[in-house]
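Worksheet for the structure shown next.
We count ligands from 1, going down the list as the structure has it; atoms in each ligand are counted the same way. The residues of the chain are indexed from 1 along the displayed sequence.
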Amino acid sequence: MPIQTNDLTIELRGDQQQIALITLNRPSKRNALNDGLVLALRDVFQGMPHSVRAAVIHGNGDHFCAGLDLSELSERNAAAGLHHSRMWHHALDQVERGPVPVVAALHGAVVGGGLELASACHIRVADASSFFALPEGSRGIFVGGGGSVRIPRLIGTARMADMMFTGRVLSAEEGERSGLAQYLVPQGTALDKALELATRIAANAPLTNYALMQALPRIAEQPADHGFFTEALISAIVQDAPEAKARVREFLEGRGPKVKKQ
Ligand SMILES: COc1cc(/C=C/C(=O)SCCNC(=O)CCNC(=O)[C@H](O)C(C)(C)COP(=O)(O)OP(=O)(O)OC[C@H]2O[C@@H](n3cnc4c(N)ncnc43)[C@H](O)[C@@H]2OP(=O)(O)O)ccc1O
């Protein structure tokens with residue numbers, strides 16, 4: 001089991017312990033992310049047990065995450081700030097780039113660094129209590145956890161600029177409409193939905209999931225001819241794996257799952 005602290009817990013679920021449920025567990029501070037919590041997040045992803053095929057992140061208490069722990073900010077000079085931002089980048093890269101797809105179960109505040117964390121996940125499920133904001137402008141600071149790269153990928157530069165300039169708070173519905181969340185569910189059901197999605201993801205071939213996580217953000221940034229080249233190489237390697245051959249054979253012999261309307 002990877003390192004965990006009181007502020008961050010990991011629980012393995014599923015008959016083969018294939019789902020990791022990661023809980024931000026600092027409800028008295030609305031799960032604000034202090035250095036210890038960010039480093040624990042990094043360590044949990046770096047040391048993910050091999051049985052795990054998909055992860056869910058959620059927050060204990062009334063909110064997903066209130067962002068950066070502002071109490072740690074006041075003494076920091078520019079040099080320390082640079083180091084701090086790079087530490088966040090490294091930790092959230094562990095979330096985005098592996099080893100497994102991550103579903104964020106969102107409720108209450110998803111703000112500042114909390115939105116940066118959510119945007120590093122692969123799928124976001126928001127319940128009706130969720131609200132999204134980037135209050136950095138009103139605190140006199142800037143995003144530092146990769147948000148200026150990841151959030152515009154979800155909602156575009158103009159919407160992100162509007163959120164940062166004005167401090168506008170987006171409701172759950174607006175968040176879903178603008179692309180911050182892929183699923184909008186009734187209040188109190190985000191975790192159940194996220195676990196259901198994680199179970200489905202965990203049933204895929206791990207190589208397909210891994211290729212998707214690694215390739216998608218990179219290919220999207222490449223010129224089309226580079227993207228096609230990378231896609232063809234990945235496709236060739238993944239289809240040659242024994243698991244791909246077994247799953248295709250299963251379908252052709254009438255045993256594999258059909259595509260069904262939900
Ligand atoms: C610069 O380099 C960076 C930056 C970053 C990332 C930056 C950011 O994330 S900026 C955004 C920071 N977050 C906020 O401004 C949100 C502040 N919190 C709130 O607005 C509210 O607390 C709430 C989230 C809406 C919840 O409201 P409520 O339920 O009423 O709870 P409260 O009574 O307000 O709070 C309870 C308790 O928690 C403490 N707390 C809440 N948020 C934070 C926080 N962000 N930091 C520290 N503490 C927080 C609050 O003070 C209360 O404490 P008590 O002791 O009084 O009980 C990334 C990387 C970089 O390098």
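- At least one heavy atom of Glu116 sits less than 4.0 Å from an atom of ligand 1.
- Distances from atom 44 (C) of ligand 1 to the heavy atoms of Leu82, Leu68, Leu117 show the closest one on Leu68.
- A side-chain donor-acceptor contact under 3.5 Å links Asn31 to the backbone of Asn60.
- Heavy-atom minimum distance, Asp127 versus Gly108: OD1-N, 4.4 Å.
- Taking all heavy atoms of Pro135, Gly147, Gly67 into account, the minimum distance to atom 11 (C) of ligand 1 is reached by Pro135.
- Protein heavy atom in closest approach to atom 25 (C) of ligand 1: Phe131 CZ, 4.2 Å.
- Close approach to Ser85 involves these atoms of ligand 1, each under 4.0 Å from a residue heavy atom: 61 (O).
- Counting only heavy atoms of the protein, atom 33 (O) of ligand 1 lies nearest to Arg30 NH2, 4.0 Å.
- Nearest non-hydrogen protein atom to atom 26 (C) of ligand 1 is His63 NE2, 3.6 Å.
- If you chain together hydrophobic residues whose side chains sit under 4.5 Å apart, Leu106 and Leu117 fall into the same group.
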**OP:** Quick one: do His58 and Leu24 satisfy side-chain contact (heavy atoms from CB on, under 4.5 Å)? Show the steps, please.
**Re:** CA-CA 6 Å; His58 79 129; Leu24 306 175; over 6 Å; no
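- Shortest non-hydrogen contact noted between Ile201 and Arg53 is CG2-O, 4.4 Å.
- With a 4.0 Å heavy-atom cut-off, ligand 1 is reached by no atom of Ser138.
- Residue Ala109 has at least one heavy-atom neighbour below 4.0 Å for each of these atoms of ligand 1: 24 (C).
- Residue pairs meeting the salt bridge (charged side-chain N to carboxylate O under 4.0 Å, His left out) criterion with at least one member in residues 171-187, sequence neighbours excluded: Arg168-Glu174.
- Each of the following atoms of ligand 1 lies closer than 4.0 Å to a heavy atom of Ser28: 36 (C), 37 (C), 38 (O).
- A donor atom on one side chain and an acceptor atom on the other are not found under 3.5 Å apart for His83 and Arg86.
- Remark: atom 19 (C) of ligand 1 lies closer than 4.0 Å to no protein heavy atom.
- The N/O atoms of Trp88, backbone and side chain alike, include none that comes under 3.5 Å of an N/O atom in ligand 1.
- Inside a 4.0 Å radius of atom 6 (C) of ligand 1 there is at least one protein heavy atom.
- The single protein non-hydrogen atom nearest to atom 1 (C) of ligand 1 is Phe142 O, 3.5 Å, given as residue, atom name and distance.
- Between Ser71 and ligand 1, no N or O atom pair is found at a separation short of 3.5 Å.
- Nearest protein heavy-atom contact of atom 15 (O) of ligand 1 is Arg139 NE, 2.7 Å.
- In this structure a side-chain-to-backbone donor-acceptor pair under 3.5 Å is present from Arg30 to Pro27.
- Of the protein's heavy atoms, Ala32 CB, 4.0 Å lies nearest to atom 43 (C) of ligand 1.
- Smallest separation of non-hydrogen atoms from Ala20 and Met48: CB-SD, 3.9 Å.
- Hydrophobic cluster membership is shared by Val143 and Leu68, with clusters built from Ile, Leu, Val, Met, Phe, Trp and Tyr side chains linked at under 4.5 angstrom.
- Sequence neighbours left out, the pairs with a member in residues 198-225 that pass salt bridge (charged side-chain N to carboxylate O under 4.0 Å, His left out) are Arg153-Glu221, Glu196-Arg200.
- Of all protein heavy atoms, the one closest to atom 55 (O) of ligand 1 is Lys29 NZ, 2.6 Å.
- Within a 4.0 Å radius of atom 51 (O) of ligand 1, the protein contributes no heavy atom.
- The presence of a protein heavy atom under 4.0 Å from atom 38 (O) of ligand 1 is confirmed.
- For atom 12 (C) of ligand 1, the nearest non-hydrogen atom from the set Gly114, Gly112, Ala66, Gly108 comes from Ala66.
- Ile141 counts as a contact of ligand 1, since one of its heavy atoms falls under 4.0 Å from the ligand.
- Counting protein heavy atoms only, atom 46 (N) of ligand 1 is closest to Leu70 N, 2.9 Å.
- The environment of Asp62 atom CG is sparse: at most 12 non-hydrogen atoms of other residues, nucleotides or ligands sit within 6.0 angstrom.
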